[in-house]
Amino acid sequence: VGCSNDARSSLLTEKEKKKTTPVCRTLVSIMDLSNLDATQVKLLKEECILVDENDRVIGSESKKNCHLNSNIRAGMLHRAFSVFLFNTKGELLLQQRATAKITFPECFTNTCCSHPLYHPSELEEEGNVGVRRAAQRKLNHELGIPNDQVAYGRTICSGPHCIIVCL
């Protein structure tokens, strides 16, 4: 069970969004992964980019460890991104997270969000190229959008703890 098979996506109008009331929960202090979806457990092993308060790279850590409450309380910071994809009518493509997701299962969220990984192609900082590549990777993984169909747009917010890329 992978994201692309389980995630349900839809274009929702404001009226439709008001009708949706999913129960959202997060499980960021999970220690026992034995009864979780195998694909999700594998994704927790990915190495995220650790940063300081000024968004300078200071190392890497597994996605699982980045999301543990104890590490969050201790101030561990890592890079992440959000993608908001609009059609020509200005409608936002929302995604309903899969039931198998470890954090916020079944919740409606932005089009796509994830983390640039601690890998040379996604560590490239000039022009936010690394995070843009990460966004392309995840759009392909979660929604099946080929990389060559994702055009780079502009970054509308960039700085410590804030990278939002308009593709």
Side-chain angles (χ1 to χ4, degrees), residues 2-4 6-9 22 24-31 33 36-37 39-86 92-145 147 150-167:
C3 294
S4 58
D6 268 350
R8 290 173 286 170
S9 301
C24 296
R25 63 191 186 280
T26 183
L27 304 172
V28 292
S29 58
I30 292 174
M31 297 308 279
L33 305 177
L36 298 174
D37 178 79
T39 299
Q40 296 304 309
V41 171
K42 180 181 173 186
L43 292 171
L44 284 176
K45 295 177 184 175
E46 292 179 330
E47 289 290 306
C48 293
I49 301 168
L50 292 181
V51 294
D52 66 14
E53 297 81 15
N54 296 306
D55 196 40
R56 289 184 296 247
V57 177
I58 59 171
S60 69
E61 188 57 73
S62 72
K63 190 181 297 181
K64 176 187 178 227
N65 287 340
C66 285
H67 290 131
L68 290 174
N69 280 329
S70 58
N71 289 337
I72 293 168
R73 283 191 296 271
M76 182 184 286
L77 301 174
H78 64 281
R79 285 193 182 151
F81 64 84
S82 293
V83 175
F84 299 89
L85 189 63
F86 295 87
L92 172 62
L93 176 66
L94 295 177
Q95 183 174 174
Q96 185 174 15
R97 291 173 63 85
T99 303
K101 287 296 222 178
I102 294 169
T103 56
F104 306 105
E106 299 179 4
C107 291
F108 282 91
T109 65
N110 53 14
T111 307
C112 175
C113 61
S114 190
H115 307 83
L117 301 179
Y118 195 79
H119 183 273
S121 68
E122 294 184 13
L123 280 163
E124 190 173 336
E125 294 184 357
E126 184 73 30
N128 294 313
V129 170
V131 74
R132 292 170 191 245
R133 287 179 181 142
Q136 284 181 308
R137 172 178 53 81
K138 290 308 287 186
L139 284 168
N140 183 278
H141 174 237
E142 292 188 9
L143 301 173
I145 300 172
N147 290 355
V150 180
Y152 288 133
R154 62 187 169 90
T155 303
I156 59 173
C157 176
S158 181
H161 325 301
C162 179
I163 299 176
I164 300 174
V165 179
C166 291
L167 298 173

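From a predicted model like this one, the values you see are computed outputs, not experimental measurements.
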CZ-CG distance between Arg133 and Asn147, expressed to the nearest 0.5 angstrom: 10.5 Å

Gap between atom CG of Asn65 and atom CD of Glu47 - 0.5 Å precision: 8.5 Å

Nearest-0.5 Å distance, CD of residue Glu53 to CD1 of residue Ile58: 7.5 Å

Straight-line distance of Leu94 CG to Asn110 CG, nearest 0.5 Å: 8.0 Å

Sidechain-backbone polar pair: Asn54 side chain, Arg56 backbone, donor-acceptor under 3.5 Å: no

Between CG on residue Leu44 and SG on residue Cys66, distance to nearest 0.5 Å: 10.5 Å

Residue pair Thr111 / Leu143, side-chain heavy-atom distance below 4.5 Å: yes

Residue pair Leu43 / Gln40, side-chain heavy-atom distance below 4.5 Å: yes

Separation between CG of Leu93 and CD1 of Ile145, rounded to the nearest 0.5 Å: 7.0 Å

Student check: side-chain heavy atoms of Cys48 and Tyr118 closer than 4.5 Å: no

Mutual orientation of the aromatic rings belonging to His67 and His78 [parallel < 30°, tilted 30-60°, perpendicular > 60°]: perpendicular

Where Gln95 and Cys112 come nearest, the two heavy atoms and their spacing: NE2-CA, 4.3 Å

Thr99-Glu106 side chain donor-acceptor pair, cut-off 3.5 Å: yes

Beyond-backbone contact of Val83 with Ser114, side-chain heavy atoms, under 4.5 angstrom: no

Glu46 side chain near His115 side chain, heavy-atom distance below 4.5 Å: no

Arg79 side chain vs Val57 backbone, donor-acceptor pair below 3.5 Å: no

Salt bridge present between Glu122 and Arg137 (N-O < 4.0 angstrom): yes

